[in-house]
Amino acid sequence: GPEADRAAFVAAMHSASGPIADAVISQWGPPPFAHLLDVGGASGTWTLALLRAMPSARATLFDLPDAVEQARQRIAATAERERIELAAGDFYQDELPGGADLVWLSAIVHQHSRRHNRELFAKAYRALDRGGRIAIRDAVMEPDHTAPLFGALFAVNMIVNTESGGTFSFEELAEDLRAAGFQDPELAVKAGDMSSIVVAVKP
């Protein structure tokens with residue numbers, strides 16, 4: 001059923017992104033943070049990579065209940081487990097847990113319309129402490145949306161397979177972040193695949 005399908009998907013995502021996560025985070029060199037909120041964190045891959053990069057920080061991983069159960073099993077064997085709290089919920093319906101100074105959205109925005117992304121960015125804004133940051137890891141397109149090729153092909157796939165998903169340019173993401181209240185959006189990492197990172201600040 002759908003839960004088994006999602007479990008298989010999460011496991012595949014974990015094995016696909018585990019090795020690259022540390023490399024992406026080190027290329028970025030994350031700004032100092034004390035409390036990470038990983039939204040839709042599923043496998044825990046990015047929570048773990050970010051906590052390895054910031055040994056004094058703690059994290060809250062927020063995802064659907066079955067994904068949180070999988071994350072619990074995967075995190076149990078790690079050195080970082082004492083620093084991670086798991087929170088079950090649906091980011092479409094629920095507010096996000098507060099008190100974070102870094103909200104991480106990995107591979108989420110391409111699944112949604114810009115309207116949905118603005119709603120999610122607004123929730124992230126409310127969950128963040130003042131001076132906190134949102135970081136979005138995803139495919140980020142050139143303004144004309146034809147490059148990078150990976151993102152252009154991926155967008156076609158999303159248009160065919162989702163109601164409203166697509167890939168966005170930095171300019172579009174920046175506009176949607178500003179609409180939610182964020183300031184100083186920047187393309188912190190530019191990559192040809194899903195590992196571009198856009199960052200903005202809650203004033």
Side-chain angles (χ1 to χ4, degrees), residues 2-3 5-14 17 21 30 33-51 57-75 84-130 132-140 154 158 161-168 172-182 185 194-202:
E3 284 200 7
D5 289 349
R6 190 154 69 236
F9 175 75
V10 168
M13 290 298 285
H14 181 76
S17 56
F33 63 89
H35 186 181
L36 165 72
L37 173 61
D38 185 353
V39 178
S43 65
T45 300
W46 295 95
T47 292
L48 292 168
L50 282 156
L51 288 183
R58 61 194 179 91
T60 301
L61 188 156
F62 181 86
D63 211 330
L64 295 167
D66 56 320
V68 162
E69 272 317 300
Q70 281 194 67
R72 191 185 308 281
Q73 294 161 23
R74 200 163 272 130
I75 286 162
I84 302 170
E85 187 183 332
L86 299 170
D90 179 344
F91 61 72
Y92 290 112
Q93 310 295 335
D94 304 323
E95 284 297 304
L96 300 174
D101 59 351
L102 178 65
V103 168
W104 177 253
L105 296 178
S106 174
I108 288 178
V109 297
H110 69 255
Q111 299 177 41
H112 307 295
S113 66
R114 290 184 66 184
R115 182 175 65 79
H116 278 135
N117 285 334
R118 285 187 183 206
E119 290 170 10
L120 182 56
F121 295 164
K123 287 182 179 183
Y125 186 90
R126 291 193 289 273
L128 275 166
D129 291 342
R130 288 184 63 174
R133 291 177 177 86
I134 187 171
I136 299 163
R137 172 192 161 261
D138 219 303
V140 176
F154 191 75
M158 293 306 295
N161 291 306
T162 66
E163 282 174 45
S164 59
T167 47
F168 306 105
E172 289 168 323
L173 290 169
E175 190 177 302
D176 294 342
L177 285 163
R178 286 197 186 96
F182 287 99
M194 288 284 284
S195 290
S196 289
I197 298 176
V198 173
V199 180
V201 180
K202 175 175 177 171

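Position 1 is the first residue of the sequence; numbering continues from there.
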Item checked: Atom of G44, atom of L61 and distance for their closest heavy-atom approach -> CA-CD1, 3.5 Å

Next item on the list: Please name the pair of heavy atoms, one in L128 and one in R133, separated by the smallest distance, quoted to 0.1 Å.
Entry: CD2-O, 3.5 Å

Next item on the list: Kindly compute the distance separating CG (L105) from CD1 (I197), expressed to the nearest 0.5 Å.
Entry: 11.5 Å

Next item on the list: Taking all non-hydrogen atoms of both residues into account, name the closest pair between G40 and D63 and its distance.
Entry: C-OD2, 3.1 Å

Next item on the list: Flag the pair H35 / T60 as yes when at least one side-chain heavy-atom distance between them is below 4.5 Å, and no otherwise.
Entry: yes

Checklist line | Over all atoms of both residues, closest heavy-atom pair of T45 and A21 | finding: CG2-CB, 3.7 Å

Margin query: Minimum heavy-atom separation for A42 and A71, please, with both atom names.
Written below: O-CB, 3.1 Å

Next item on the list: Measure the shortest side-chain to side-chain distance between S195 and R137 over non-hydrogen atoms and say whether it is less than 4.5 angstrom.
Entry: yes

Next item on the list: Kindly write out the residues that satisfy side-chain contact (heavy atoms from CB on, under 4.5 Å) with P65, not counting sequence neighbours, or none if the list is empty.
Entry: A88

Check: Are side-chain heavy atoms of L86 and I75 found at a separation under 4.5 Å?
Finding: yes

Item checked: Y125: side-chain contact (heavy atoms from CB on, under 4.5 Å) partners, not counting sequence neighbours -> F182, K202, P203

Next item on the list: State, yes or no, whether a side-chain contact exists between L36 and R58 at a heavy-atom distance under 4.5 Å.
Entry: no

Checklist line | Pairs flagged by salt bridge (charged side-chain N to carboxylate O under 4.0 Å, His left out) wherever residues 33-51 is involved - sequence neighbours left out | finding: none

Item checked: Student check: side-chain heavy atoms of V109 and V198 closer than 4.5 Å -> no

Note to self: What's the separation between atom CD1 in I134 and atom CG in D101, rounded to the nearest 0.5 Å?
What the structure shows: 13.0 Å

Next item on the list: Only counting residues at least two apart or in another chain, list the ones meeting side-chain contact (heavy atoms from CB on, under 4.5 Å) with E69.
Entry: R72

Checklist line | side chain to side chain donor-acceptor pair (under 3.5 Å) against R115, all qualifying residues, sequence neighbours excluded | finding: E119

Next item on the list: Starting at CD of Q70, measure out to CD of Q73 and round the result to the nearest 0.5 Å.
Entry: 7.0 Å

Next item on the list: Find the distance between CG (L64) and CD (Q93) and round it off to the nearest 0.5 Å.
Entry: 10.0 Å

Margin query: Among residues at least two apart in sequence or on other chains, which ones pass side-chain contact (heavy atoms from CB on, under 4.5 Å) with D176?
Written below: R114, R118, F121

Item checked: Minimum heavy-atom distance between A57 and L51, given as atom pair plus value -> O-CD2, 3.5 Å

Item checked: Interatomic spacing from CD1 in I136 to CH2 in W104 - rounded to 0.5 Å -> 10.0 Å

Check: Going from CG on N117 to CG on L173, what distance comes out if it is rounded to the nearest 0.5 angstrom?
Finding: 7.0 Å

